[in-house]
Number of protein chains: 2
Amino acid sequence: MAAKRSGSRSKRSHRISEWPQPVQEPGSEPPLSRERIVATAVELLDAQGIDGLTMRRLADRLGSGVMSLYWHVDNKEDVFDLALDSVLEYRGPPQIVQYQDWRGEVVHMLEDWRASMLRHPWSASLLPRRALGPNILSRLELLSKTLSRAGVTDADLNVAIWSLWNYVMGATITRASFDLSHDDRAAAQQRLEHFSECYPTIERSRLLLDDDWDGAFSKGLGFLLDGLSPK
Amino acid sequence: MAAKRSGSRSKRSHRISEWPQPVQEPGSEPPLSRERIVATAVELLDAQGIDGLTMRRLADRLGSGVMSLYWHVDNKEDVFDLALDSVLEYRGPPQIVQYQDWRGEVVHMLEDWRASMLRHPWSASLLPRRALGPNILSRLELLSKTLSRAGVTDADLNVAIWSLWNYVMGATITRASFDLSHDDRAAAQQRLEHFSECYPTIERSRLLLDDDWDGAFSKGLGFLLDGLSPK
DNA sequence: ACCTGAACACCGTTCAAGT
DNA sequence: ACCTGAACACCGTTCAAGT
């Protein structure tokens with residue numbers, strides 16, 4: 001369970017320029033940099049979705065030739081890895097640290113994780129197939145520490161972490177990609193009713209119409225934590 | 001929470017040919033059909049992964065021109081939808097029906113679901129963004145019925161179903177895409193050790209080295225079912 | 001009813017070259 | 001050290017045409 005490819009970093013070795021840049025022309029773009037590329041990639045992904053990110057469009061937005069990107073970045077995969085991790089920083093629990101409240105801490109971090117990903121819907125479906133960047137590892141570390149302090153045994157620890165991971169990823173990916181208009185969902189429910197002999201139970205419970213995603217997420221997370229709690 | 005696009009079916013209206021086909025030439029391909037296209041798409045996806053499926057390659061394998069496919073199929077999205085659902089049929093619980101064992105039934109169905117998806121690793125990452133086909137709906141229906149009979153209240157039913165869905169999807173997508181050689185994972189762990197000041201807990205628990213995926217899945221599912229069980 | 005090739009508007013990346 | 005354009009080997013799909 002690990003990162004996809006090791007981080008073969010690209011050619012350049014970031015020197016810090018120790019003097020004012022060659023006097024920024026008023027209208028012209030700032031020089032290309034890994035940071036600008038990543039930030040612009042996130043913009044583009046937010047605006048156009050996963051298929052909307054192409055190297056050509058990215059270069060366009062940056063006001064450079066396509067091939068200039070490849071000086072700063074290995075390839076398109078690399079851009080995805082960087083954009084993803086850049087979006088998952090965790091600022092920690094709210095101001096007042098409540099000692100002993102391990103459940104509250106876990107819930108806060110995981111709800112924040114989900115919220116961060118939903119702010120950038122492309123990130124959810126990207127995460128499972130990409131390298132684990134520092135921000136992701138920090139969250140896993142925090143989760144691990146909190147659960148361990150809460151009394152989860154070493155034998156259960158990894159299972160607990162991966163269970164929570166699975167739950168959060170599943171919920172977020174699903175939420176991000178099933179995000180439909182009310183009309184679309186009503187249509188789906190109607191198609192379902194058309195087959196009510198086949199699917200009576202989920203038709204009756206209106207499974208496909210339920211749209212309290214946030215509530216369902218918290219409640220389900222509660223169930224899982226109930227099961228994980230040291231007895 | 002519903003299917004992406006309604007099923008605008010394509011032009012042709014499948015007539016069943018009521019007479020022996022025009023005498024199958026020995027070496028030549030059987031005529032194109034929706035079924036052949038889907039079956040071949042699954043083959044191609046199994047062999048080459050998600051990016052390996054292109055309309056051109058698909059047509060090649062079928063011995064036809066690219067554009068011939070578009071008679072039977074709306075577009076590439078349609079091929080994905082059909083390939084996905086075709087792989088998720090559920091044959092039901094093992095021969096002897098154990099009444100009362102709702103937990104066993106749920107575990108069997110979900111482990112089978114996961115196994116079906118892992119046999120076709122592309123299916124996991126495809127599922128959340130696609131229409132819900134009949135095989136998927138059947139599984140949800142079965143799940144719903146079993147939980148309801150087990151005593152899960154109507155108020156908890158949808159949350160329970162989506163929680164299990166989330167868990168299974170998260171686990172399967174993660175498993176399918178983090179499937180690395182032992183060496184790769186060892187390298188990841190080593191990179192981690194290099195930063196052991198940053199990630200001491202997950203380094204110690206060897207989170208990234210753990211490879212008992214099946215065991216972790218079952219055990220975590222057990223925790224979740226513990227939490228969901230009617231009290 | 002079913003199949004076709006040519007054409008259009010795109011892709012990511014290699015390469016050899018410029019400053 | 002950083003940026004570039006031309007070129008290569010691909011894509012999905014529209015269209016007008018064939019049988």
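Here is how names work: the chains are called A, B, and so on, in the same order as the sequence lines, proteins then strands, and each is numbered from 1. What you see below is based on every heavy atom in this structure, not just the backbone, and it leaves out hydrogens, waters and symmetry mates.
- In this structure, C:dC10 forms no base pair with any nucleotide, since neither Watson-Crick nor G-U wobble geometry is met with both distances under 3.5 Å.
- Within the model, atoms CG of A:L207 and CG of B:N158 stand 4.5 Å from one another, a figure rounded to the nearest 0.5 Å.
- Taking 4.0 angstrom as the limit, B:H72 places a side-chain polar atom (N or O) nearer than this to OP1 or OP2 of C:dC3.
- Considering only side-chain atoms of B:K76, the nucleotide from D:dG12, C:dG12, C:dC3 that sits closest is D:dG12.
- For the segment residues 46-55 of chain A, the set of residues with a heavy atom within less than 4.0 Å of an atom of DNA chain C comprises A:L53, A:T54, A:M55, in numerical order.
- Note: CG (A:L32) to C1' (D:dC2) measures 9 Å, nearest angstrom.
- Panel note: side chain A:E89, backbone A:N135; no donor-acceptor pair is recorded below 3.5 Å.
- At D:dT13, one or more side-chain N or O atoms of B:Y70 fall inside 4.0 Å of OP1 or OP2 (strictly under the cut-off).
- Between the side chain of A:S116 and the backbone N or O of A:L88, no donor-acceptor pair lies under 3.5 Å.
- OP1 or OP2 of D:dC11 lies within a sub-4.0 Å distance of a side-chain N or O belonging to B:R57.
- Comparing D:dT4, D:dC2, C:dC2 against the side chain of B:W71 picks out C:dC2 as the nearest.
- Checked by atom type and distance alone, the side chain of B:R114 never pairs as donor or acceptor with a backbone atom of B:T172 at under 3.5 Å.
- Atoms CZ (A:R34) and C1' (D:dA1) sit 16 Å apart, rounded to a whole Å.
- As rounded to whole Å, 12 Å separates atom C1' of D:dT4 from atom CG of A:L69.
- The distance between atom CG of B:L58 and atom P of D:dT13, rounded to the nearest whole Å, is 12 Å.
- When the C1' atom is used for both C:dA16 and D:dC3, the distance is 13 Å, rounded to whole Å.
- Between A:S68 and D:dT4 there is a side-chain N or O to OP1 or OP2 distance below 4.0 Å.
- Checking D:dC2, C:dA7, C:dT4 against the side-chain heavy atoms of B:R56 singles out C:dA7 as nearest.
- For the pair B:D112 (side chain) and B:Y90 (backbone), a donor-acceptor distance under 3.5 Å is absent.
- Closest contact between the side chain of A:M67 and the listed nucleotides D:dC3, D:dA6, D:dT13 involves D:dA6.
- Nucleotides D:dA9 and C:dA9 have their C1' atoms positioned 16 Å apart, rounded to a whole Å.
- Geometric assessment of B:R175 against the ring of B:F217 yields a negative cation-pi assignment under the 6.0 Å and 45° thresholds.
- For the C1' atom pair drawn from D:dC10 and C:dC8, the interatomic distance equals 15 Å after rounding to whole Å.
- With hydrogens and angles disregarded, no donor-acceptor distance shorter than 3.5 Å links the side chain of A:N166 to the backbone of B:Y167.
- In a base pair of the Watson-Crick type (N1 to N3 plus N6-O4 or O6-N4) or a G-U wobble (N1-O2 and O6-N3), with each distance short of 3.5 Å, D:dC15 is matched with C:dG5.
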